[in-house]
Amino acid sequence: MVNESLLRIRDLKLHFRTTKGVVRAVDGVRFGLGHNEAVVVIGESGCGKSSLAKAVLRLLPRNVQTYSGEVYLDGTDTMQLDEEAFRRQVRWVKMSMVPQAAMNALNPVLRVGDQVAEPMMVHYGVGKDEALAQARRMFEHVGVPVDFMHRYAFELSGGMRQRVAIAMSLVTAPALIILDEPTSALDVLTQANIMNMLKRIKDEMETSFILITHDIATSSELADKVGVMYAGQIVEVSDAFRFFSGPLHPYSQKLMASVPRLRADVEPEFITGQPPSLFGLKPGCRFAPRCPARFGRCDEDPPVYEVDGREVRCWLYEETGTLVEEPQKA
Amino acid sequence: MRSIWAGIREVWRYPSAIVGLTIIFLIVALGVYTVVTLPYNEAIRLWRGGEEVWSESPKTARPIWYDWLTRRSLSRTIVLNSRDGQAVKTVETLGEDAQTISLVFSFDYPYDTFPQEVVIFFTAQFDQKTPHASMTWRTPDGREIRLGQVSLRPTETYRLALDTRLARRLNNVLPQIALFADPDSETPVPVKGTYELEILVSTFENDADVDAKWVAYGEVHGLAGTDYRRRDLMVALQWGTPIALAFGLLAALGTTLTTMFVAAVGVWFGGWVDALIQRVTEVNMVLPLLPILVMVGTFYEHGRSIWVMLGCVIALSIFGGAIKTFRAIFLQVREAPYIEAARAYGAGNGRIIARYLIPRIIPVMIPALVSGVPVYVFLEASLALLGLGDPVLPTWGKVIDDARSQGAVHSGHYYWMLQPALLLMLVGLGFAMVGFSLDRVFNPRLRGL
């Protein structure tokens, strides 16, 4: 049984309307995580990882076609809250986010200290001094010198800005933080620094993380659990240890085989073909056209099976797993 | 915010900005000086006053600096009042009920031209029997001319030019010329020197008293000249300054801020709100501002004031064309990642508009604001010229309107129209120069031009 005490997502859909048709960026996601747990969501570019983050935090663009499903956060169904209630009760109170390209996510006309203090003032109505004191503690936490609080975002280096963005996500001490590719634009040393910092924060502040990335190696440092996303769906959820030693889904297996190994003399593999376009998906398993283990049933939409406390959306586990979710109707 | 201060400091590198700021500084200093030295109520009293307030100044006299343009020294106004001790006053009691009061005015006349008009104002105190005055004029070359005789009411004005008997005696030469002219000269030239006017008043009551004020109106008067109602134009030119600045600044601020806010709201909320704002703006852009203001001004004939007009200007400009400019920038800013980040941390709509959208537009707004000031200063003048100015306040536009309606240019009173026009142009020039420089500082792409 997968631990879903903090966040439980069922059949979450987020479709966009574009001139070319409907993009099914998030299409029936089943996912969850527990308290003080770090989940890494991995997947190729364009598989809907960032859209999943936006769907959870309800940061919807204007061209939304469908937005539905269940999102239980700490026991409350946030999909039932209206926009204003969601803004007041969820955003940055229970759940915060370090957006993709966090380096550009800081207001250029506010000092970074004020910027980090803003959520405190917005949500808890505290005075500016108190909010700044809290921001100061967060700066110390993420390892940015406190006198940088008086600087503007463009006066900081990329790594520093990333840390400021993380400080901002921590300032209200939410139970869950979503990090959307927090290290993708940084050099390797800074990446490692930030990963270590996140690990420390997770222990000290008992926070849960959803870490969205395509960098499997770096994220393995932090992960308690791994979710694999493919073509708008989560195809596998597993604890990190067992995932890295033996993934269940054929896609996960191919993905892991593509990671270069330092110690083993193995050529990294690549997956033939391309991920399906998210316009007008055909019925059947979405990975089937590229799958080496493809067989007859793959023409039908696969259900989710539970195998030893891991969940996988694949027909291969029809025999060994227990059915936990019916295949969704397209 | 700091970049804005840095930008303003950078303005000093542009000579045009320094010139413009100097002009603005001088005009603001004039405005402040005016408000301090000539209080509002006093200015209004003077500007609304008629002959009684302005009895000592000539009609449509040129400014005194006309002297510098001509070689001759033009006549200035001479006022002598026996009540202020500017005449030798002797009282001779002749008997029970009769006395003779003698008032002798003597003054120096150094000018090359004749006065515009000569008037004597009498004030008399008596019970029933009217005093009687007779006047004698003595020129520097020793001639003696008998002026008219007047029975004095409590206040009596003796205009020499209206005394037909005197005119006959002077061979129909205008008295202001005849009294001063050299009889030996072909063309009339005033004799310079000390003149004397003696007024002999016979009273028929013992406690009666008479005073007289002698005024020779000059051809030049005051730093700015006077208008057809004898008003000193300095009052209007000075008070026009704070009014023009206040009107221009308030209108520019009011229109820019409201427009910016409406544009920000439209862009942020998008959808039908934006569509509505854009359509209203497009309709509003087609409507001509000035005719609507003329309509409003005509409609509010009685309650009209410059501040009603200001309100109309701002109200009509809320959905002005500037919305399009601001919208273009806001649309770009709206998609910035930090706006999404702000949404993510739960900032409300108001906070995003105020703290995230609007600060980004300030660099564009400041030059627009500064360049907008003269537009509204001119608008106020245009309204005044169309007869829709404030009926009470002295403004530059009112002066130009008066000058136009009194045919100032046809009768050669160029100063009347040119002085307020020059001030208007100075204001326009000052703000335009600063505005252009600010534009270069805040829009660096223009710098290479």
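All chains are named by letter (A, B, ...) in the order of the sequence lines, taking the proteins before the strands, and each is independently numbered beginning at 1.
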Subject >> Proximal component of A:M95, with respect to chain B [non-hydrogen, under 4.5 Å] >> reply: neither

Subject >> Minimal non-hydrogen separation, B:Y356 against A:Q115, with atom names >> reply: OH-NE2, 3.0 Å

Original post:
B:P359 and A:V109: which non-hydrogen atoms are nearest, and at how many Å?
Top reply: CB-CG2, 3.4 Å

Subject >> Closest approach of A:A105 to B:A341 (non-hydrogen atoms, all atoms of both residues) >> reply: O-CB, 3.5 Å

Subject >> chain B contact via A:R62 - which portion, at a heavy-atom distance below 4.5 Å >> reply: side chain

Original post:
How close do A:W92 and B:A344 get, heavy atom to heavy atom, and via which atoms?
Top reply: CE3-O, 3.0 Å

Subject >> Exceeds 12 heavy-atom contacts within 6.0 angstrom, atom CD of B:Q332 >> reply: no

Original post:
If every non-hydrogen atom of B:R343 is compared with every non-hydrogen atom of A:R91, which pair is closest and at what distance?
Top reply: O-CD, 3.2 Å

Original post:
Where on A:L57 is there a heavy atom nearer than 4.5 Å to chain B: the side chain, the backbone, both, or neither?
Top reply: side chain

Original post:
Most heavy-atom pairs under 4.5 angstrom with chain A, which of B:A347, B:G270, B:G271, B:A336?
Top reply: B:A347

Original post:
Tell me, side chain or backbone of A:I178 under 4.5 Å from chain B's heavy atoms, or both, or neither?
Top reply: neither

**OP:** Please report the shortest heavy-atom distance between B:Y345 and A:V122, naming the atom on each side.
**Re:** CE1-CG2, 3.8 Å

